[in-house]
Each structure stands twice: as C-alpha cells, then as structure tokens.
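Just below is one structure, and these are the notes that go with it.
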Amino acid sequence: MTSTATVMEDDPTRSGLADRHFVRHLENAVAAAGGAISWYADHWLAEIRRDEQRALVLGYSFPVNNVAGAKIADDKAASSAIMRAAGVPCLRQTLLRPAWRGNRPVDWPAELPIVLKPNAESGGRDVHLVRAESEVEPLLSSLTERYRALAWSTLLEIEDEFRAVMLDGELLLAYRKVRPPGSQEWRHNLHFGAEPEVCDLRTSHRLADLGRSATDALSLRFATVDIVTVKEDALVLEVNSGVSLERFSRHGEENFLLAGQVYAEAVQACLAR
C-alpha cells in the first residue's frame with residue numbers, strides 16, 4: 001500500500017503507466033483523505049481503502065457513474081442520440097458499421113465533407129477529415145479492420161474547443177484547447193500539440209451550464225464534456241466517462257495542482273458512497 005505527500009517532480013524510479021501524473025494525483029488524494037491505495041496491473045488498476053470503505057479505479061474510470069451511463073457516454077453515436085432527445089445542443093454523430101448488412105445507405109456526395117472516427121475511442125486518434133467521395137471507401141475499409149463500429153458527423157467550422165470537468169453537476173475545471181499559431185493540425189487535441197488555457201469565470205459559467213445538461217442527460221456524476229463553439233453557438237462534441245487530465249497536468253505546476261484538485265474531489269466522492 002502507498003500513502004504519499006504531494007509530489008509533482010518526475011520520479012526516475014517510475015516507468016510506463018506508473019509514471020503517469022494520474023498515479024501521483026491519486027496517491028496524493030488518497031493520502032489526504034486518510035486512506036490507503038494499492039496498485040495492480042502495472043498501475044492501471046487501483047484499490048482505495050479507508051476503514052470499511054473500498055473503491056476500485058480502472059484506468060481513468062471512477063466507481064461513481066452507473067455502468068449503463070458510462071457505456072453510453074463512451075459510445076459517440078448513442079450519447080449523441082440521448083443528448084439530442086434531451087434537448088442538449090450537441091453534434092449529431094451517426095453510427096456506421098460497414099460489415100453489418102443492416103446499415104442504412106448514405107448519400108456521401110450530399111453529406112461531404114465529414115469527420116469519420118471510431119465510435120468508441122478517444123484522444124483524436126484515427127479521426128479523419130473526409131472531403132472527397134473517392135476517400136470514403138478506402139478509409140472505411142482500413143478502419144473496419146481495427147474497429148467494429150465507426151461514427152461520422154458533418155464537418156463543422158469550429159472556432160474554439162473546450163473541456164469541462166463535471167462532478168455531481170458542478171464544474172471542477174474548464175480549459176480551452178489552443179492550437180499553436182500557424183499549425184496545420186485541424187484537431188484540437190492536446191495529444192496533437194494543442195495547449196491548455198484555463199478558462200476565466202465568465203467562460204466557465206457558460207461551459208458549466210452546458211456540461212451539466214450533458215451529464216444530466218447521460219445520468220453521469222463524473223465526466224469530461226468536450227464543447228465546441230461554431231458561429232458563437234456552443235455544442236457538446238462528446239462526453240467521456242473516464243476522466244483523463246494527463247496532458248493537461250503536464251503543462252506546468254498550476255495545471256498539476258488543478259488536476260490534483262479534480263482527482264481529490266473524485267476520491268472523496270468514491271469514499272462517500
């Protein structure tokens with residue numbers, strides 16, 4: 001078992017998954033809460049204990065969300081359908097399973113340009129911008145080899161993209177994903193070079209309202225809500241039930257502390273069950 005004081009510096013004794021900031025945040029949060037933590041599966045699974053209380057954390061998923069809500073959130077097409085039914089302004093994402101005979105035919109020339117992506121993956125990986133009909137079938141064939149289900153959506157002219165971290169209807173953290181000036185990368189993911197910029201109070205208030213609507217619609221307690229602005233209108237891009245702030249946390253001491261505060265709240269929510 002491990003119980004530590006707050007640590008930020010890189011630790012040369014850690015490697016692989018153990019080197020994640022998340023591991024340090026969780027250890028710090030559990031120690032502050034008066035609990036103990038055990039790690040399994042090379043620091044991918046954590047067991048938290050305090051007196052008779054026990055919680056398991058897998059990856060970045062905490063045991064505060066119900067299973068169905070978490071699965072729906074991680075399914076882009078399903079979460080889009082639920083949010084639209086609840087009246088939440090969001091991007092329409094349509095399920096596509098190329099190997100399934102029940103697929104409805106799509107008039108690609110009428111729909112292009114589109115964004116095509118895995119239906120249940122995150123981080124911007126294998127997210128493709130498709131402008132020409134000739135690109136569709138080769139890309140579908142390639143992606144189908146790796147993913148059972150895909151999602152596609154109309155290409156939006158996104159002005160800004162934000163991430164809102166929500167817990168029990170409250171905004172814990174909000175930041176803008178800022179692409180470097182002159183970058184040819186069209187995606188806003190931190191994984192592809194965007195920089196996190198913590199939002200001011202006015203922006204945070206606006207994001208909180210939409211983030212709350214999204215998590216309420218999906219029956220989630222703890223989640224990240226990615227929100228984009230298009231012609232000054234705010235839309236939910238997607239929701240993630242696994243709350244990863246790894247790249248955000250690595251952008252300086254302030255970000256490390258803010259990410260740590262988020263996970264401290266999550267640990268308290270786990271132990272309060």
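Values in this document were obtained by computation on a predicted structure and should not be read as measured data.
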Do you see a donor-acceptor pair shorter than 3.5 Å between the side chains of W39 and E27?
-> yes
Side-chain donor-acceptor pair under 3.5 Å between S249 and N255, yes or no?
-> no
Mind running side-chain hydrogen bond (donor to acceptor under 3.5 Å, both in side chains) on Y147 and N119 for me, showing each step along the way?
-> CA-CA 8 Å; Y147 306 103; N119 187 50; over 6 Å; no
Hydrophobic clusters join Ile, Leu, Val, Met, Phe, Trp and Tyr when side-chain heavy atoms are under 4.5 Å apart, directly or via other members; which others share one with L95?
-> none
Just grab all the ring-ring contact (aromatic ring centres under 6.0 Å, His included) pairs involving residues 74-101, residues at least two apart or on different chains.
-> none
Cation-pi between R24 and Y263: NZ/CZ under 6.0 Å from ring centre and within 45° of the ring axis?
-> no
For the residue pair D200 and T203, confirm or rule out a side-chain donor-acceptor distance under 3.5 Å.
-> yes
Does I114 reach the side chain of L155, with side-chain heavy atoms less than 4.5 Å apart?
-> no
Decide yes or no for R84 and C90: does some side-chain heavy atom of the first lie under 4.5 Å from some side-chain heavy atom of the second?
-> yes
L91 versus V236: any side-chain heavy-atom pair under 4.5 Å?
-> no
Would you call V228 and D160 a side-chain contact if the rule is heavy atoms closer than 4.5 Å?
-> no
Hey, does E133 have a side-chain heavy atom less than 4.5 Å from the side chain of L112?
-> yes
Does some side-chain heavy atom of L116 sit less than 4.5 Å from a side-chain heavy atom of L139?
-> yes
Residues E161, R176: salt bridge by 4.0 Å N-O rule | no
For the rings on F248 and H21, is their centre-to-centre separation under 6.0 Å?
-> no
